[in-house]
Structures are given as C-alpha cells and as structure tokens.
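Counting convention: from 1, in listed order, for ligands and their atoms alike. Keep in mind that what you see is a predicted model, and the values were worked out from it rather than measured.
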Amino acid sequence: MMIDARNVSWNAGAKPVLHPSSLTVQPGETLGLIGPNGSGKSTLLRLLAGLRASRSGSVRLNGRDMAKLPRREIAKQIALVEQQAETADLIRVRQVVELGRLPYLKALGRQCGTDHDAVTKALDRVEMIHMADRFWHTLSGGERQRVHIARALAQEPAYLLLDEPTNHLDIKHQIGILGLVKALPLTTVMVLHDLNHAIRYCDRLALLHEGKILAAGPAEKVLSPALIRQVFEVDAQIEPGADKENPTIRFKARAA
Ligand SMILES: Nc1ncnc2c1ncn2[C@@H]1O[C@H](COP(=O)(O)OP(=O)(O)OP(=O)(O)O)[C@@H](O)[C@H]1O
C-alpha cells in the first residue's frame with residue numbers, strides 16, 4: 001500500500017515547474033512537503049493525487065499506474081484538500097461533506113445509512129457537527145477549511161493529501177487539525193509552511209526548492225541551519241525540545 005512517484009515532472013508551458021523527481025509515500029506515515037512559495041509543492045501534491053498528468057515517469061498507487069486507473073477508483077483511495085478549494089454557495093455544510101461519498105454512490109445516486117454515518121462522523125471529527133445545517137456562504141474561512149477536511153474524511157480514503165490544511169485556522173484549530181490528522185490511521189501527505197508544525201506532526205519531510213526535491217527524510221536530517229539558509233534565506237537556530245521531544249526552530253530575518 002503506497003504511492004510511488006518515479007521521475008515525475010510538470011511544466012507550465014515551456015517553464016519547468018517540477019523537474020524529474022521521485023518520492024515514495026510509505027504506508028501509514030505522515031509526510032510533510034515543505035519549501036518556499038512557488039517551489040512546486042502543490043504541483044507535486046497534485047501529481048501524487050493523480051490530478052495532474054506527469055510529463056515523465058509515473059505515479060503508482062499500490063503498484064498500479066495511476067494514469068490507467070479510473071478516477072472513481074482513485075477517489076476511493078485518495079482524498080485531496082486543495083488550497084482555496086471552492087464550493088458552490090447555496091449548499092449546506094452537510095451537503096458539502098456528502099460530496100465525499102460520491103465515489104461510493106450506486107447508479108441512482110442514493111445515499112445509504114453508511115454514507116450518512118460517514119458524513120456525521122467526519123463532521124464530528126472536525127468539530128463542525130453543530131453547523132451541519134448552515135449554508136456554506138455563512139461560514140468563516142476557518143470553518144470552511146474544516147468542512148473541506150470533513151469532506152475528505154467522509155471519502156474514507158487510505159491516503160489523505162492536504163495542501164496547507166492550517167490555512168485560515170486559529171491556533172487551537174491548527175493544533176486540533178494537525179493532531180487529528182497525525183492520529184488518523186491513514187497515510188498522509190501535507191504541504192506545510194510552518195516548519196515547527198512540520199517537525200512536530202510529520203514523520204518525514206521532503207524539502208522542495210526551485211522545482212526539485214532537495215532533501216527527504218526525518219526532520220533532523222532535512223532541516224539543518226545550512227539548508228534552511230540556502231532554501232528559505234533566513235538564519236535559523238535549532239534548539240532541542242523539552243524532554244528530548246521535538247526540536248524547535250527559531251528564525252532570525254537576515255539583514256537586507
Ligand atoms: N497552471 C499553471 N500555469 C502557470 N504557472 C503555474 C501553474 N501552476 C503552477 N505554476 C507555477 O509553478 C510554480 C510552482 O507552483 P506551486 O503551486 O506548485 O508552488 P508551491 O510550492 O505550492 O507554492 P505556494 O507555497 O506559494 O503555494 C509557481 O511559480 C507557479 O506560479
């Protein structure tokens with residue numbers, strides 16, 4: 001059970017956005033994609049989700065070439081929450097989450113008790129069950145983000161792919177969502193900007209820079225002060241955490 005990307009790449013017109021890159025998502029892990037704006041993180045995530053066709057190589061889902069798999073079959077395995085995911089306005093929260101059940105619907109499109117339970121459970125997990133009947137357009141940015149995550153959970157995927165899942169969330173819900181994601185018995189890939197969140201909530205990190213995976217592995221290998229300086233152009237100090245827990249990175253902006 002894994003997603004295995006071999007030599008995948010993507011161009012926007014003539015401009016290479018992701019140079020040929022390889023990355024294996026290991027079963028059960030939480031893998032963080034980190035890197036500066038425009039480094040290719042979302043592009044790589046979409047390639048891993050089978051939503052963007054690679055110019056080279058292949059992405060294999062549990063050993064099968066994803067380019068040859070029906071979309072519905074992929075959707076039963078992989079749920080993706082994109083940045084700024086849009087939803088039609090005149091729809092209620094529960095209906096948004098029900099969209100996650102589409103890959104399972106039979107020909108007549110009727111939802112059954114299992115679908116209803118999966119939707120309720122997903123809303124409960126992101127603490128949005130009390131807003132199940134609210135209209136989408138009445139939600140705050142953070143509430144919308146939690147509903148999108150609930151939609152992905154209702155899909156009951158084996159792989160959860162999240163692009164900046166803490167966007168719009170206050171600190172309580174940032175920690176809540178990341179803790180929830182880490183605790184789920186799923187394989188997760190998430191794009192994160194907060195390097196301290198990446199250390200705390202990911203088992204492994206892949207650092208992207210200018211469309212290339214510069215390093216991949218455990219945080220202590222990937223996040224050295226030298227690499228942080230090279231990629232993010234900030235000076236950083238890595239301090240050991242209390243009780244030898246996760247280290248903390250402190251940043252110092254460089255003088256211009
Ligand atoms: N459809 C597209 N057409 C043109 N350029 C694109 C397209 N998609 C991505 N790009 C460009 O490719 C580069 C990488 O984009 P991508 O969204 O993968 O970066 P990212 O690392 O996720 O960035 P961010 O942290 O800002 O979200 C950017 O310079 C972006 O402008």
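- Regarding atom 31 (O) of ligand 1, its nearest protein heavy-atom neighbour is K15 NZ, 4.5 Å.
- Evaluation of the salt bridge (charged side-chain N to carboxylate O under 4.0 Å, His left out) rule for E164 yields no partner, not counting sequence neighbours.
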Show your working on ring pair (Phe, Tyr, Trp, His ring centres under 6.0 Å) between H19 and W10 and close with a plain yes or no. CA-CA 7 Å; H19 297 277; W10 195 76; over 10 Å; no
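- The existence of a salt bridge linking R64 and E73 is confirmed by a sub-4.0 Å separation between a basic side-chain nitrogen and an acidic carboxylate oxygen.
- Annotation: atom 25 (O) of ligand 1 to nearest protein heavy atom, K41 NZ, 2.8 Å.
- To the nearest 0.5 Å, the span separating CG on L195 from CZ on R200 amounts to 12.0 Å.
- Contact between S39 and ligand 1 is present, with at least one heavy atom of the residue lying under 4.0 Å from the ligand.
- Between T248 atom OG1 and Q237 atom CD the span is 11.0 Å, to the nearest 0.5 Å.
- From the protein, the heavy atom lying nearest to atom 9 (C) of ligand 1 is W10 CZ3, 4.2 Å.
- Looking at T24 and D4, their side chains do bring a donor and an acceptor atom within 3.5 Å of each other.
- Remark: D133 does not engage R94 in a salt bridge, criterion side-chain N to carboxylate O under 4.0 Å.
- Interface atoms of ligand 1 facing P36, defined by a heavy-atom separation under 4.0 Å, are 21 (O).
- For atom 27 (O) of ligand 1, the closest non-hydrogen atom on the protein side is Q83 NE2, 3.2 Å.
- Taking a cutoff of 4.0 Å between a charged side-chain nitrogen and a carboxylate oxygen, R46 and D163 do not qualify as a salt bridge.
- With distances taken over non-hydrogen atoms, the option nearest atom 24 (P) of ligand 1 out of N167, L44, N37, V17 is N37.
- In this comparison of G38, S42, A12, G211, the heavy atom closest to atom 13 (C) of ligand 1 sits on G38.
- For R46, the heavy-atom gap to ligand 1 stays at 4.0 angstrom or more.
- For atom 4 (C) of ligand 1, the nearest protein heavy atom lies under 4.0 Å away.
- Against a heavy-atom cut-off of under 4.0 Å, T43 is close to the following atoms of ligand 1: 15 (O), 16 (P), 18 (O).
- Atom numbering of ligand 1 starts at 1 in the shown order; those under 4.0 Å from a heavy atom of H193 are 25 (O).
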